[in-house]
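The structure appears below as structure tokens.
First the proteins, then the strands, lettered A, B, ... as listed; each starts at 1.
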Number of protein chains: 2
Amino acid sequence: MCDHHHHSGDKKRSGCHCGGGLPVEKFMQPCLLILLKERFAHGYDLIQMLPEFGFTERLDPGSVYRNLRRLEEDGLVTSHWDVGEGGPARRLYSLTDEGEEMLHAWAVHIRQQRKRMDDFLDRYQSLFDIKNQ
Amino acid sequence: MCDHHHHSGDKKRSGCHCGGGLPVEKFMQPCLLILLKERFAHGYDLIQMLPEFGFTERLDPGSVYRNLRRLEEDGLVTSHWDVGEGGPARRLYSLTDEGEEMLHAWAVHIRQQRKRMDDFLDRYQSLFDIKNQ
DNA sequence: AATCGCTATAGGCATAATACATATAGAGGG
DNA sequence: CCCTCTATATGTATTATGCCTATAGCGATT
């Protein structure tokens, strides 16, 4: 499973970390990538936007920042400190070319997993619809 | 997220264990439930059938047996030793009423998560299609 | 000036799920 | 006797998450 995006650098962590055996593990990562493809953003902004992807309102900020630093470790995003107008310093994130490639790989993967759910739901329907006849 | 199936007994484990924050965590469990709704089966049979749900051919048997015992702990399936014609003893599993309820809850949940993936893919498409015009 | 709340980032810790390897054991074939 | 298939189960390392807490600047209110 998941033999895509084994391009340049799969360092450190072993195996594929874009979905594993579960339909969609780590769904937050592709959502962050797509948001950063649309525009540059700070972590805090991303936290505000993630509910658009079905994440609950009371999303754990810690998870978001952890995911962002993880994406940066993997070279999928870059950041630099933005000590602008006022307020605390913040990191401005942007997508790398490798991150965009990964986003395409994710899209393929998510399409596969959606199909998997379609199949499940079809089977579920046919199992319980027969009784209503 | 996930406020269904809080019916009778949520003992031991805290929180909801039908999906968590991820789109579809523990996808194997609903697959086992649907298979056991269709017919009684041994663990070994279920391992043979799981590829129909998109699990890889070289599926880890340990995970399946662990999931089955977990489902039994939660009262969603029952089993009894089947010391039939020959070969090693095996457990015959069947779905409980509570397990069937859980299967319905899973179907609702999986429909929601499929929608989430639809939304993701729509957004992905619109992001990359504009460039081709 | 002291406190409160919001912006903004980050680490600690317990829990949970998985992957991979390994253990056990009966039965049948070569 | 060994090998393979059937059949179930455990051990362990890794990984991801959720919840809690820490830090810190800044503006508004009391």
Pair A:Asp118 + B:Arg114: basic N to acidic O under 4.0 Å: yes
Separation of C:dA8 atom P from A:Leu68 atom CG, nearest Å, is 14 Å
Nearest-Å distance for atom pair CG/P, residues A:Leu59 and D:dC19: 11 Å
Nearest to side-chain heavy atoms of A:Asn67, which nucleotide of D:dC19, D:dT17, D:dA7: D:dT17
side-chain N/O A:Ser63 vs D:dG18 OP1/OP2, d < 4.0 Å: yes
Looking at every strand, decide which applies to A:Gly62 at a 4.0 Å heavy-atom threshold: base, sugar-phosphate, or nothing. base
note: B:Phe55, atom CZ; C:dA17, atom P; distance rounded to Å ~ 14 Å
What is the separation between atom CZ on A:Arg70 and atom C1' on C:dA10, rounded to the nearest whole Å? 17 Å
So, are A:Arg123 and A:Asp119 salt-bridged, with charged N and O less than 4.0 Å apart? no
Distance below 4.0 Å between A:Tyr65 side-chain N/O and C:dA10 OP1 or OP2: no
Contact class for A:Arg69 vs. all strands (heavy atom < 4.0 Å): base, sugar-phosphate, or nothing? sugar-phosphate
Indicate whether any N or O donor in one side chain lies under 3.5 Å from an N or O acceptor in the other, for A:Thr78 and A:Thr96. no
How long is the line joining NE2 of A:His42 and C1' of C:dT7, in whole Å? 11 Å
Should the pair A:Arg116 and B:Phe55 be classed as cation-pi, given the thresholds of under 6.0 Å to the six-membered ring centre and 45° from the axis? yes
Taking CD from B:Gln29 and P from C:dA16, how many angstroms apart are they, rounded to a whole number? 13 Å
Across the strands shown, which category fits A:Arg66 at heavy-atom distances under 4.0 angstrom: base, sugar-phosphate, nothing? base
Of the candidates C:dA8, D:dC19, D:dT8, the side chain of A:Arg90 sits closest to C:dA8
Please figure out whether B:Gln48 or B:Tyr93 has its closest DNA chain D nucleotide nearer the 5' end. B:Gln48
Take the protein atom NZ of A:Lys26 and the nucleotide atom P of C:dT18, then report the distance between them rounded to whole Å. 14 Å
Of the nucleotides D:dC19, C:dA21, C:dA8, which one has an atom closest to the side chain of A:Tyr44? C:dA8
A:Tyr124 side chain reached by B:His104 side chain, heavy atoms, under 4.5 Å: yes
Could you check how far CG of B:Leu46 sits from P of D:dA9, rounded to whole Å? 13 Å
